[in-house]
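Ligands are counted one by one from 1 in listed order, and the atoms in each one are counted from 1 as well.
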Amino acid sequence: MADIKLNVIKPSVNNMSARVFLRASGLGFTENDVYGQTRTPEYLAACPAHLTPMIETSELPNGVLWESCAIMQYLSNKHGLENLYPRDPMIDSAMFYLIGTFYPYLARATYPALNFPQYPGEVGHSDADAPTKEKARQAAVEALAEPLDVFRSFYIKDRPFIGGDRPSIADIRLAATLEFLAVIDYPLPSWAKDYVAAMEKSLGDAYTEPANDVRGYIGYVRSLG
Ligand SMILES: N[C@@H](CCC(=O)N[C@@H](CS)C(=O)NCC(=O)O)C(=O)O
């Protein structure tokens, strides 16, 4: 049994990706909720980036690893999980495209509604007035459709998943990410709704349990009005 400690913040889809992966992998792990603790001296000593998800295992050169996709790649490679991480460069491309292009739009579109902080240099982080912030947020919402459709037209094509017949780590990362769009009632195209449903059906509780934490948080922030 692998000796893996997974540090998480449960409302986050970055974390949901690693949480779904570890449940689907069959690897032994423990989960540690570090909500509100990522900037403590103890956490910063291990992870100066103060990020979750973050794994700790004695087998890593620095003892820890963060970045959801890197965590899934490392553990898949280390434990020979070719079912979840097939030798297909499209898996890596899809994940880099998600993190580098799609997610920044999604964060700008959803983080205000999620009550998550935005990043220095963005309109949402600045002292601009509310209408200006909303205009910038709306521009990000509008920018989502094109990269989202690239996942359908280029990465998934006529197969069920980016991984082909079975969900891969790129599928886990994409499906988890799409969960956040519910907070702004984003009109997901039907292929994307079917895709997330197929992911949940295929992975079962490994998907549903972490997804429920994200869905529960979205329900909570929406109840605040
Ligand atoms: N690209 C990273 C993003 C990780 C990230 O932004 N984590 C946030 C939660 S969504 C976090 O841990 N923030 C805590 C902090 O900055 O103190 C990944 O995919 O793992």
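The cationic group of R173 lies under 6.0 Å from the six-membered ring centre of Y103 and within 45° of the ring axis, placing it in a cation-pi geometry.
Polar contact with ligand 1: absent for N15 (N/O pair, distance under 3.5 Å).
Residues D129 and K133 have side chains not in contact (no heavy-atom distance under 4.5 Å, counting atoms from C-beta outward). For the pair P104/R108, a side-chain contact is recorded, criterion being any heavy-atom separation below 4.5 Å from C-beta on. Counting only heavy atoms from C-beta outward, the side chains of F154 and V150 approach each other to under 4.5 Å.
Under 4.0 Å from ligand 1, the heavy atoms of S12 that appear belong solely to its side chain. Proximity of R173 to ligand 1, defined as any heavy-atom pair under 4.0 Å, is confined to the side chain (atoms from C-beta onward).
The number of heavy atoms from other shown groups lying within 6.0 Å of CG (D205) does not exceed 12.
Of the protein's heavy atoms, H50 O, 3.3 Å lies nearest to atom 14 (C) of ligand 1. Protein heavy atom in closest approach to atom 1 (N) of ligand 1: E67 OE1, 2.8 Å.
By heavy-atom distance, the residue among T52, I9, N14 lying nearest atom 7 (N) of ligand 1 is T52.
The P53 neighbourhood of ligand 1 comprises atoms 20 (O), with distances under 4.0 Å to a heavy atom of that residue. Taking every heavy atom of T38 and a limit of under 4.0 angstrom, the matching atoms of ligand 1 come to 14 (C), 15 (C), 17 (O). Listed by number with element, the atoms of ligand 1 under 4.0 angstrom from any heavy atom of S68 are 18 (C), 19 (O), 20 (O).
Ligand 1 is never approached by M54 to a heavy-atom distance shorter than 4.0 Å.
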Show me the donor-acceptor pairs, under 3.5 Å and distance only, between side chains in residues 47-54 and residues at least two apart or in other chains.
residue : atom : partner : partner atom : Å
H50     : ND1  : R39     : NH2          : 3.4
T52     : OG1  : N15     : OD1          : 3.4
T52     : OG1  : N15     : ND2          : 3.0

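With salt bridges taken as basic N to acidic carboxylate O contacts below 4.0 Å, none links R166 and D171.
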